[in-house]
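Predicted, not measured: the structure shown is a model, and the values here were computed from it. In listed order, ligands and their atoms are each counted from 1. All residue numbers refer to positions in the sequence shown, counting from 1.
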Amino acid sequence: MSDSKAAVAKVQSGKPVIGRLVVIGLGLIGGSFAKGLRERGLCREVVGVDLDPQSRRLAVELGVVDRCEEQLAAACQGAALIQLAVPILAMEKLLGELARLELGDAVLTDVGSAKGNVVRAARLAFGDVPVRFVPGHPIAGSEQSGVEAANGELFRRHKVILTPLEQTDPQAVQLVDRLWRELGADVEHMQVEHHDQVLAATSHLPHLLAFGLVDSLAKRSENLEIFRYAAGGFRDFTRIAGSDPVMWHDIFLANREAVLHTLDMFRDDLDALRNAVDAGDGHHLLGVFTRARVAREHFSKILARRAYVDAMHSNDLIFLANPGGKLSGRIRVPGDKSISHRSIMLGSLANGTTEVEGFLEGEDALATLQAFRDMGVVIEGPHHGRVTIHGVGLHGLQAPPGPIYLGNSGTSMRLLAGLLAGQAFDTTLTGDASLSKRPMNRVAKPLSEMGAVIETGAEGRPPLTIRGGQRLTGMSYEMPMASAQVKSCLLLAGLYAAGTTSVTEPAPTRDHTERMLRGFGYPVAVDDNTASLESGHELTATHIEVPADISSAAFFLVAGSIAEGSELVLEHVGINPTRTGVIDILRLMGGDISLENQREVGGEPVADIRVRSAKLKGIEIPEHLVPLAIDEFPVLFVAAACAEGRTVLRGAEELRVKESDRIQVMADGLLTLGVKVEPTPDGIVIDGGAIGGGEVYSHGDHRIAMSFSVASLRASAPIRIHDCANVATSFPNFLALAAQVGIRVAEEGRS
Ligand code: S3P
């Protein structure tokens, strides 16, 4: 079937949403809008208007429109929707002509790349902006132009920004919104001024630079020479200088103010770069280049999560874990998450250059790293776990350019809250959906007692806005819960507080902050269950070797224990006594775990851990071990499900406020797999027995996703685990290592 016949067939089967669509201006954008809606049968009739007779003829021949009119008045009479797709500088004249016509109930919309001038023109033409005018801007284009390039799929997965005014009729907005969505576009609404500023920075400025650079080089006498040797960089940077000059000339005239504003800011930054080159200031250059490199990756990641989520391409990453298997081999799991976070924080606040090895390149630790880059710290890497931090001293951080986005990372947010409470500038900390639900009053309250000013979202949740320039005073704080994050937060605030800050914990929690502060030469007193420090000292750069994370090793400790015939060695694992609860609990259950080659590296004890399969039995988990195994319970529940008899956990209500409610989410999943479990307010009761297969949900919690992967070793059928993308927060190469040692888990659709 020819293209136009196919379109006609669809027109007949589709359900029209509107009567007549009139598209004025049959170029690439107007033509594609008309063609896409016509092909989908969403308009009873599509009428084109264009000054050029050739375009009108082609539009009909190519099935872009049903028919064309030469006269605007004839086309618009009785129209339901009028799309203005003429060049932006022609908008004013067109709106003037439309204002003289009887438009009835027609909704007006446009596709101009700048919105302020279109709105101004509409106001001028009509006396006020018509309530049924919905200004819009599809961010789509191609190097092709003209109606012959019209493509009904052009807007699929492209952004369309609508900028309705306060008085705009919501029904008109809804209609325009719906039609763009029908074309596959990702529609967003924005204020006119905001649109123009954003576009000036992200689109108009780069075009100006590309045109300007090519012209500047081409003018020089040696231009032939320059272009002959122009390699990939020049070609990539200047690709957009091949765009339509007339269209771009129009855009710069239309969006003058916003372009000037962003251009002036860029000129200052360019001057600073020039001065750095002139002065041989490599530190400045390295700072700009490292920040720019990661900013590009960081932004595209944030965008990728939000931008292209549709029903077909949801971002639900599914793990499929096939039953059975036994483990063997030697592996090193990635670096410790807690220590990685702290290495960036203290390295940034130190005087001198700190080298880190074994840094965890997971999203959580990278969020901390990015936060310090945002505050002006030059950080090189990470590259194969190596990071070089050019410390700025305790008082050298600078205000970040905007809110600091911390993704899924509770540790980043809580520790940073303390550190930022003592700075001279304001900061706002935000996070993803999971982090946005986590309690922050546990840090905001004691910090405000020290004199900090912190605003939280509803019920003490993120975002946090931390006011700078406050005078903090040290205090003695008795923590109501055993939390290393709260303890660390207050100690970091204590670096900036007058006098002494002491934190007393109800039970021992991980002490990496205290150890690392000492490693940086900062005195910390630890007396029984109280850690104290005084302000007024300095941190001196050091070398940090991050051991492998026992919380990541835990998945393999349980896996090796429950899969018959297994023997596995986990190398160079941190065995800080505040973290080894998982080993103690597994041993109490009958696990066969031995520590080899014990040594101390940079103030932290490490060992190679050998695990062999064992017949596990259910136990009552001693409450004092709860904080020492706080992150390992999801996988310990899997061990309990494989053990003979009943396992009872109490005193672990903290599990309900981790990346997910780990008691409920694990109970739900285990129940699905046929395990007998009973969640309680502060723990769980699990009766070991057979494990079946089924569909479970990790609720975006990395440790839940990995725990159910381990459960497959003893399952009788496959386990499908939903929502696994966040495994990358703490254990980016989990699937590869799991497969290497014999766990049959992979992304669904890949083996
Ligand atoms: C952490 C402390 C623990 C732990 C988290 C990391 C830290 O949280 O669950 O994964 O690095 O200080 P709490 O202190 O809230 O228990």
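- When atom types are taken as modelled, the side chain of Asp432 and the backbone of Leu435 share a donor-acceptor pair closer than 3.5 angstrom.
- For the residue pair Gln485 and Thr411, a side-chain donor N or O sits within less than 3.5 Å of a side-chain acceptor on the partner.
- Taking distance alone, with nitrogen or oxygen atoms compared against 3.5 Å, Ser488 stays at or beyond that limit from ligand 1.
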So Phe425 and Met375, side-chain contact (heavy atoms from CB on, under 4.5 Å) or not? Walk me through it. CA-CA 10 Å; Phe425 49 83; Met375 293 188 285; 4.0 Å; yes
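- Which parts of ligand 1 touch Ile630 is read off a 4.0 Å heavy-atom cut-off, strictly below it: atoms 9 (O).
- Atom CD of Glu455 has more than 12 heavy atoms from other residues, nucleotides or ligands within 6.0 Å.
- Considering backbone and side-chain atoms alike, Leu415 places every N or O at 3.5 Å or more from each N or O of ligand 1.
- The contact set between ligand 1 and Ser483, taken as ligand atoms under 4.0 Å from a residue heavy atom, comprises 13 (P), 14 (O), 15 (O).
- One finds a salt bridge joining Asp661 and Arg656 here, because a Lys/Arg side-chain nitrogen approaches an Asp/Glu carboxylate oxygen to under 4.0 Å.
- For atom 11 (O) of ligand 1, the candidate residues are Ser409, Ser340, Ser338; the nearest heavy-atom contact is made by Ser338.
- If you look at His512 next to ligand 1, there are no close heavy atoms at all, none under 4.0 Å.
- A salt bridge links Arg579 to Asp336: one of the charged nitrogens lies within less than 4.0 Å of a carboxylate oxygen.
- Between Phe734 and Phe731, the two ring planes are perpendicular [angle over 60°; tilted spans 30° to 60°].
- Scanning all protein heavy atoms for the shortest distance to atom 5 (C) of ligand 1 gives Gln485 NE2, 3.4 Å.
- The shortest contact between atom 10 (O) of ligand 1 and any protein heavy atom is with Asp631 OD2, 2.8 Å.
- For Arg342, the heavy-atom gap to ligand 1 drops under 4.0 angstrom.
- Of all the atoms in ligand 1, the ones that sit under 4.0 Å from a non-hydrogen atom of Lys658 are 3 (C), 4 (C), 8 (O), 9 (O), 13 (P), 15 (O), 16 (O).
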